[in-house]
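Here is how names work: the chains are called A, B, and so on, in the same order as the sequence lines, proteins then strands, and each is numbered from 1.
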Number of protein chains: 2
Amino acid sequence: MNSNGDGMTQARETGTLGKLMVLLDLVTHADAPLRFTDILALAGQPRGTLHRQLSHLVEEGLLELDGDGRYAPGLRLLDFAARSWARNEFRMIAEPHLADLQQATGETVHLGVLRGSSIIYLDKVEGRQPVRMYSQIGNASPCYCTGVGKAALSLLPPDSLADLLAGLSFTRFTASTHASAETLLAEIREIADQGYAFDREEHEAGIRCVAAPVWSEDRTFVGGISITGPAYRLSMELLREWAVPVQLAAGRIMEGMRIRLGPRR
Amino acid sequence: MNSNGDGMTQARETGTLGKLMVLLDLVTHADAPLRFTDILALAGQPRGTLHRQLSHLVEEGLLELDGDGRYAPGLRLLDFAARSWARNEFRMIAEPHLADLQQATGETVHLGVLRGSSIIYLDKVEGRQPVRMYSQIGNASPCYCTGVGKAALSLLPPDSLADLLAGLSFTRFTASTHASAETLLAEIREIADQGYAFDREEHEAGIRCVAAPVWSEDRTFVGGISITGPAYRLSMELLREWAVPVQLAAGRIMEGMRIRLGPRR
DNA sequence: AAATTAAGTTCCACATAATGGAACAAAATA
DNA sequence: TATTTTGTTCCATTATGTGGAACTTAATTT
């Protein structure tokens, strides 16, 4: 049904909602609150149309309009997200195992899941310091330059993987960020073999990690967990040692899911 | 179209979006993932209509449909929320002052803002323990039984307050929860006079707090900050002492907003 | 296993809600 | 004050959502 011969254009067919979500994306991705005219330029909608669309979003609390006529993301989004997070089964099951892994290594542990071509971080367990909470949780990061991302990709069947890779555009965050689908694919094959992935300062200079893939049987969750830290403290040798505990923790999480969700899927 | 008996009911007129948001509310407020039929019963929509609406929400990542046909809140909500939170000016300005207050008292400090008749918690600074992040942040709590909520209400002009009170339905969480608009209004007047509010175990048994109101000049933010803790540790005398530092911190936050946002609104 | 019921999905004539051009109002700038 | 920019409202047109019914699939019962 999806004439996917050439391009990637699986144009969202969600009608009114789709158009509004594009606007919401625009506003939430902006670095600073946008004025009406800014959005007008970006969205390419007629003035009247845009005005009504924004009004609806504001009325629903998805956007907020301040006294200077600037649009910012609405706080109702926080309420939705709090529930989404609190009830997430994957996260709930993983929680104790993340804590164990943090205890064992003393470094920061992440849980992430693949959505589209992004990794969305579901949880983070840090060492001592009071956590700056949304600093990572909820953030969407590229799959091609994060440990969790590459671990997740190694779980995909070849055709899904190919589709996903074809749609990627590679931003070079550091000198070691993958710049093409070819080199990435090669590494993913390797990861699939060995069962764990590294991030060698590919997303952020000076930050390394080891990650292991985690998935649910129904493939609702395809993601991974990782141990992350500064390169000066986490040598590649150390990371290679930690591959084992990370894989063990991943295994325990999957076992937890199997029990929790039952065998019937 | 809208048989609006009295006239006050400004029933959401956001058309398609409004209907979809009702569904999103339904699913995110449910205790467990809902099946199609469950939602059908709750939403009172025709089957065909509901099916398409849910499909659109799923396609946009606002809902997720697992292998068993159960709908859960979508993870895209997390991404939106992370941005909403990260860029929130009120929160950014308040952050250091919350930390100071936490240091000074050793107890948990909250920042909340009034949206509709709910308080949405924007930040939380706890003592030692690693923070369970979404545990409070983003959560919407009733305004009539929280310190921050009552502090916020004390900022409203009489007519807005009256409107809001008229729309409230009082759930008794504990023995000391306000059960009527009359007693609540009396306390709010008192709070407006003295400039701080208490929560005397009104939302959760064994939990008390002192709160002070905070607002921005353009009234985009009407909320408050609070120090919260267990009743056995926080006597009412102690809370009365802390009213001063809480008010001072609130004052510093407002000063910060004035500087940051400029005088031109 | 076949029959029966329930659950979920697709279809299409119809009604509603979104569209967008233009006119209007309000600020900002000259 | 005149002029431009920015934001808001209006309404005939049209695209989109609606909902009843037919259909398919899965679960339950006989």
For [X] and [N], what is the distance between atoms [atom1] and [atom2] respectively, to the nearest whole Å?
{"X": "B/Leu65", "N": "C/dA7", "atom1": "CG", "atom2": "P", "result": "16 Å"}
{"X": "B/Leu50", "N": "C/dT9", "atom1": "CG", "atom2": "P", "result": "11 Å"}
{"X": "A/Ile39", "N": "D/dT6", "atom1": "CD1", "atom2": "P", "result": "14 Å"}
{"X": "B/Met21", "N": "C/dA17", "atom1": "CE", "atom2": "P", "result": "18 Å"}
{"X": "B/Gln53", "N": "C/dT9", "atom1": "CD", "atom2": "P", "result": "14 Å"}
{"X": "A/His56", "N": "C/dA17", "atom1": "NE2", "atom2": "C1'", "result": "9 Å"}
{"X": "A/Leu20", "N": "C/dA17", "atom1": "CG", "atom2": "P", "result": "15 Å"}
{"X": "A/Gln45", "N": "D/dT8", "atom1": "CD", "atom2": "C1'", "result": "17 Å"}

Quick check on [N]: is either OP1 or OP2 less than 4.0 Å from any side-chain nitrogen or oxygen of [X]?
{"X": "A/His51", "N": "D/dT8", "answer": "yes"}
{"X": "A/Thr37", "N": "D/dT5", "answer": "no"}
{"X": "A/Thr16", "N": "D/dG17", "answer": "yes"}

| query | Which residue, A/Phe36 or B/Gly48, contacts DNA chain D at a nucleotide closer to its 5' end, judged by nearest heavy atom? | reply | A/Phe36
| remark: The answer to which of B/Lys19 and A/Arg35 contacts DNA chain D further toward the 5' end, by nearest nucleotide, is A/Arg35
Gap separating the [atom1] atom of [X] from the [atom2] atom of [Y], nearest 0.5 angstrom:
{"X": "A/Ser226", "Y": "A/Ile119", "atom1": "OG", "atom2": "CD1", "answer": "9.5 Å"}
{"X": "B/Met254", "Y": "B/Ile259", "atom1": "CE", "atom2": "CD1", "answer": "13.0 Å"}
{"X": "A/Leu75", "Y": "B/Tyr121", "atom1": "CG", "atom2": "OH", "answer": "14.0 Å"}

| said: Using a 3.5 Å distance criterion without hydrogens, assess whether the side chain of A/Ser160 forms a donor-acceptor pair with backbone atoms of A/Leu156. | reply: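 A pair under 3.5 Å: no.
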| request: Answer yes if the ring centres of B/Tyr71 and B/Phe36 are under 6.0 angstrom apart, and no otherwise. | output: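 No - the distance between ring centres of B/Tyr71 and B/Phe36 does not fall below the 6.0 Å cut-off.
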| said: Regarding B/Thr49, tell me which of base, sugar-phosphate or nothing describes its non-hydrogen contacts under 4.0 Å with the strands shown. | reply: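 Counting heavy atoms under 4.0 Å across all strands, the contact made by B/Thr49 includes a base.
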| said: Classify B/Arg47 by what it touches in the nucleic acid, base, sugar-phosphate, or nothing, heavy-atom distance under 4.0 Å. | reply: base
| Which nucleotide sits closest to the side chain of B/Arg52: D/dT8, D/dT18, C/dA18? |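 Nucleotide nearest to B/Arg52's side chain: D/dT18.
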